[in-house]
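Here is the structure we will look at.
Quick caveat: nothing in here was measured; it's all calculated off a predicted structure. Letters A, B, ... mirror the listed sequences (proteins, then strands); counts begin at 1.
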Amino acid sequence: MIESIFSSHIQSKSIFKGDRDILRPSYIPEELPHREEYIDSLASIMVTALRGDRPSNVLIFGKTGTGKTAVVRYLEREVERLKKENNSELDPNFDDYNVHRVEYVYINCEVVDTHYGVMKNIGNKFIHNWSEQIPFTGWPMEKVYDALKERIDEEPRVVVIILDELDKLISKSGDAVLYHLSKINSELKQSKVSLIGISNSLKFTEFLDPRVKSRLGEEKMIFPPYNADQLKDILGERVKRAFESDTIMDEDVISLCSALAAQEHGDARRALDLLRISTEIAERERKSQVTTNHVYKAKNKIEQDCVREAVMTLPTHSKLVMYSILLSSKNGNEKLTTGEVYAGYEELCGKSGLDSLTQRRIADLISELDMLGLIHARVKSFGRRGRTREIQASVPRLETIRSIEEDDSIVPVNELRSVIQTQTRLM
DNA sequence: CGTCCACAGGAATCCCTGGGTT
DNA sequence: AACCCAGGGATTCCTGTGGACG
């Protein structure tokens, strides 16, 4: 046995039963508790594909962690499974020919969020060798679209395109993609395309061209949030698989994870994260039992990590804007205006030797920070004294300042002159 | 009741990047 | 080499506006 800094850690036995991915939200289990009816109704729509026809387009709505993606991918996996088996021998009603003609394409529109990108990604699913790749930039849109059609139509098939986080795509690049994809069937000779759109918000269809809207929403499903009891079942199911024995888990741990996640609009993802992180914390503390105490620690850790992660990945100028906001509130100005933030930002740019961006641009960056949940910014009118945003940080100040100062291109600053000046002017 | 502040936020345009085609 | 194409970031110019002050 090699003596190293790892030795003592390796020897401490893991609470997990090997595969800790079971507790990750991306894992799709054999059973999806409390989603059976949705699986069933989606299956009844999708079964058309197995007969070689085009299933209706489907729109699925529901908040994060309500099982939308899991249900869709569950069915995708079932079809893949059918493809591997020889079904017609078992059941003469089964038509293996059509089963093998079904292709799924999954696209997460949060990652691929442009007209071009979506088309390129779909097109590249149907290639035989590397050289046929559609490049990630360069071609005119028209050519990408033609290549896509040609490839799909190469042999008869039913293509099911899943567009996850569809609302992100619409808000960033409009409905051109959906317009093209939803009318593609009229231009295909032997293949058929069916769309499954997954969205967090119910409202996004308002921005769609009415024709697209009607073609896309042939079928609609709405996934409600899980309640605490349902979350308990989901966690229980996974715990059975992920742990050596249930004695390792304190009775109340699952209940607590469920309850906390139920408060957050019934987010199963959150519940699973809580459970996984609290187990990891317990492991690190060399405890053989996970307790509610660990869950509270996990809750804290998740919140901190989210903020840190969000701040660290910000572009430099956004970091400076955030820095300006944090430093200004340190000087006692709890609620800032856009002008004040911009003044602070300009000063920080000077100190770091960077060219400052225009106020118009910074206004947009402020909106982005607001959407990320790092700050609260709401427009308010101060009468004669103008109409502006009222800006306030909504994250722990000192910790976040520390995260920002880790960026080498930003010069650490203790206080901002411009804000002190505004303060004295107001007095 | 009108003025007028300090911006909000839309639209057009430009620059740049990473690629293609002629 | 010269030029087309999509997309992102940024700038420029712009019109719009809630409400305290006079």
message: Is it the case that the side chain of A:Ser324 and the backbone of A:Leu320 share a donor-acceptor pair, with hydrogens and angles ignored and the cut-off at 3.5 Å?
response: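 Here the side-chain-to-backbone pair does not exist.
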### Query
Any sub-3.5 Å donor-acceptor pair from A:Ser199's side-chain atoms to A:Ser201's backbone N or O?
yes
Cationic tip of [X] above [Y] ring, under 6.0 Å, 45° of axis:
| X | Y | value |
| --- | --- | --- |
| A:Arg35 | A:Tyr226 | yes |
| A:Arg73 | A:Tyr106 | yes |
| A:Arg215 | A:Tyr179 | yes |

Which class fits the ring pair A:His180 and A:His115: parallel under 30°, tilted 30 to 60°, perpendicular over 60°? parallel
What I want to check is whether the side chains of [X] and [Y] have a donor and an acceptor closer together than 3.5 Å.
| X | Y | value |
| --- | --- | --- |
| A:Asn108 | A:Glu165 | no |
| A:Arg308 | A:Thr400 | no |
| A:Glu405 | A:Tyr323 | yes |
| A:His294 | A:Glu285 | yes |
| A:His34 | A:Asp233 | yes |
| A:Thr69 | A:Asp164 | yes |

Can you check whether A:Thr337 has a side-chain N or O nearer than 4.0 Å to OP1 or OP2 of B:dC7?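 So the side-chain polar atoms of A:Thr337 do come within 4.0 Å of the phosphate oxygens OP1 or OP2 of B:dC7, strictly under.
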Point to revise | Lys/Arg-Asp/Glu bridge criterion (N-O < 4.0 Å) met for A:Lys172, A:Asp113 | key: yes
Quiz item: Are any of the side-chain nitrogens in A:Arg402 or A:Glu406 under 4.0 Å away from the carboxylate oxygens of its partner?
Solution: no
Given atom [atom1] of [X] and atom [atom2] of [N], what is their separation to the nearest angstrom?
| X | N | atom1 | atom2 | answer |
| --- | --- | --- | --- | --- |
| A:Arg378 | B:dC7 | CZ | C1' | 16 Å |
| A:Asp364 | C:dT12 | CG | P | 15 Å |
| A:Ile366 | B:dC7 | CD1 | P | 10 Å |
| A:Tyr342 | C:dA10 | OH | C1' | 12 Å |

| message | Within the 4.5 Å heavy-atom criterion, are A:Leu169 and A:Ile107 side-chain neighbours or not? | response |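 Result no, sub-4.5 Å side-chain heavy-atom pair not found.
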Contact between A:Leu59 and A:Glu218 at the side-chain level, heavy atoms closer than 4.5 Å - yes or no?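 No. Closest side-chain heavy atoms not under 4.5 Å.
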task = For the helix from B:dC1-C:dG22 to B:dT22-C:dA1, figure out the bend between the end axes, five pairs an end, and round to 10 degrees.
result =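 The helix from B:dC1-C:dG22 to B:dT22-C:dA1 shows an end-to-end axis angle of 30°.
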A correct 5'-to-3' footprint of nucleotides 14-22 of chain B, with B, S and - meaning base, sugar-phosphate only and no protein heavy atom under 4.0 Å, is ----BBSS-
Counting primed atoms, P, OP1 and OP2 as sugar-phosphate and everything else as base, the B/S/- map of nucleotides 15-22 of chain C against protein heavy atoms under 4.0 Å is -BBBBBB-
Salt bridge (Lys or Arg N to Asp or Glu O under 4.0 Å) partner of A:Glu30, the single match among A:Arg238, A:Lys240, A:Arg77
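Option passing the salt bridge (Lys or Arg N to Asp or Glu O under 4.0 Å) with A:Glu30: A:Arg77.
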Let's see if you get this right: which residues in [range] place a heavy atom under 4.0 Å from DNA chain B?
| range | answer |
| --- | --- |
| residues 349-362 of chain A | A:Gln359, A:Arg360 |
| residues 114-122 of chain A | none |
| residues 166-180 of chain A | none |

Are A:Tyr38 and A:Phe223, when compared by the centres of their aromatic rings, separated by less than 6.0 Å?
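Centroid distance A:Tyr38-A:Phe223: below 6.0 Å, so yes.
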